[in-house]
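Scroll down for the structure; my scribbles are underneath it.
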Amino acid sequence: MTDINNGTKTGRGTRGGHGPRTWIVGAAAAAVLAGAVGGGALWWNERSRPSQATAADCALAQKIIDGAQDLPAEKTDVAKWLKDSQELRRENMEDGYLGAQISKYESWAADHATHTGRGPSAPELRKTADTANAHCEDAGRTLDLPPIGS
């Protein structure tokens with residue numbers, strides 16, 4: 001390559017412009033880019049993931065679900081169970097998103113026991129169970145939401 005200022009040959013360009021320094025800079029840039037992409041993917045995954053309930057929240061959720069299995073037929077008794085269950089959940093469950101799923105189950109169970117509403121369809125129950133269990137992944141708990149009235 002010829003230097004345009006004085007017409008002499010320079011040492012640059014003898015290897016096509018790809019000296020060791022160019023490769024090192026390119027490799028460093030690729031590593032930084034890969035780290036940024038990986039970090040961004042991790043951040044997006046954590047951001048998009050459901051809130052994670054504590055093991056105590058998940059145990060309380062299962063306790064409420066289990067209590068909903070043998071509700072009395074008397075409307076006043078069911079109303080008392082529902083009120084007590086809701087208070088227990090609101091006062092002790094930290095994860096409100098898990099609580100929302102359990103609240104649905106409480107309502108379905110109370111409606112079924114008093115014959116005032118329909119229970120969930122199989123797909124509705126499966127979706128509620130899947131959503132509730134997604135909140136209990138880190139706690140290592142799997143909630144069992146049996147069909148209402150089974």
Side-chain angles (χ1 to χ4, degrees), residues 1 12-150:
M1 181 174 253
R12 295 181 48 196
T14 56
R15 285 182 243 145
H18 300 295
R21 188 176 295 171
T22 304
W23 287 106
I24 292 170
V25 169
V32 168
L33 181 60
V37 169
L42 181 63
W43 171 81
W44 182 258
N45 184 45
E46 287 297 317
R47 183 179 172 276
S48 302
R49 190 172 179 223
S51 62
Q52 291 300 297
T54 64
D57 280 356
C58 297
L60 177 58
Q62 190 63 60
K63 178 180 176 181
I64 292 169
I65 293 164
D66 293 345
Q69 301 313 304
D70 297 315
L71 294 181
E74 183 62 41
K75 285 186 179 186
T76 55
D77 293 336
V78 173
K80 180 180 180 338
W81 171 83
L82 185 59
K83 180 178 180 273
D84 292 346
S85 179
Q86 289 170 340
E87 285 179 9
L88 179 67
R89 179 177 38 77
R90 289 180 186 139
E91 291 174 5
N92 296 297
M93 192 174 287
E94 294 176 16
D95 190 313
Y97 296 105
L98 172 60
Q101 301 309 309
I102 301 309
S103 175
K104 273 197 252 185
Y105 194 85
E106 289 169 335
S107 296
W108 286 331
D111 287 349
H112 178 267
T114 58
H115 306 288
T116 56
R118 67 167 186 82
S121 66
E124 285 176 312
L125 181 60
R126 173 61 23 223
K127 182 178 179 189
T128 299
D130 289 347
T131 302
N133 277 308
H135 292 282
C136 291
E137 284 177 0
D138 284 0
R141 298 286 307 250
T142 300
L143 302 176
D144 178 29
L145 282 75
I148 303 294
S150 61

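Remember, it's a predicted structure, so these values are computed and weren't measured experimentally. Positions are given from 1, in the same order as the sequence printed here.
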Legend entry - Euclidean distance, Trp81 CH2 relative to Asp70 CG, rounded to 0.5 Å: 11.0 Å

Legend entry - Exercise: do Gln101 and Thr131 side chains pair donor with acceptor under 3.5 Å: no

Inset, instruction - Locate the shortest heavy-atom distance separating Ala109 from Ala68; write the atom from each residue and the value. - result: CB-CB, 3.7 Å

Inset, instruction - To the nearest 0.5 Å, tell me how far Leu82 CG sits from Glu106 CD. - result: 6.0 Å

Inset, instruction - Give a yes or no on whether the backbone of Pro146 and the side-chain of Tyr105 come within a donor-acceptor separation of less than 3.5 Å. - result: yes

Inset, instruction - Taking all non-hydrogen atoms of both residues into account, name the closest pair between Ser51 and Asp95 and its distance. - result: OG-OD2, 2.7 Å

Legend entry - Student check: side-chain heavy atoms of Lys75 and Thr116 closer than 4.5 Å: yes

Legend entry - Glu137 (side chain) donor-acceptor with Gln52 (main chain) under 3.5 angstrom: no

Inset, instruction - Mind checking the CD1-CG spacing from Ile64 to Asp84? Nearest 0.5 Å is all I need. - result: 11.0 Å

Inset, instruction - Rounded to the nearest 0.5 Å, what's the gap from CG on Leu125 to CD1 on Ile148? Could you check? - result: 6.5 Å

Legend entry - Nearest heavy atoms of Val78 and Ala113, plus distance in Å: CG2-CB, 3.9 Å

Inset, instruction - Measure the spacing between CG of Leu60 and CE of Met93 and express it to the nearest 0.5 Å. - result: 4.0 Å

Inset, instruction - Any chance you could measure Gln62, atom CD, to Ile102, atom CD1, to the nearest 0.5 Å? - result: 8.0 Å

Legend entry - Minimum side-chain heavy-atom gap Leu143-Cys136 below 4.5 Å: yes

Legend entry - Ion pair check, Glu124 and Lys104, cut-off under 4.0 Å: no

Legend entry - Taking every non-hydrogen atom, the tightest pair across Trp108 and Arg118: CD1-O, 4.2 Å

Inset, instruction - Look at the side chain of Gln69 and the backbone N and O of Ile65, then say whether any donor-acceptor pair between them is shorter than 3.5 Å. - result: yes

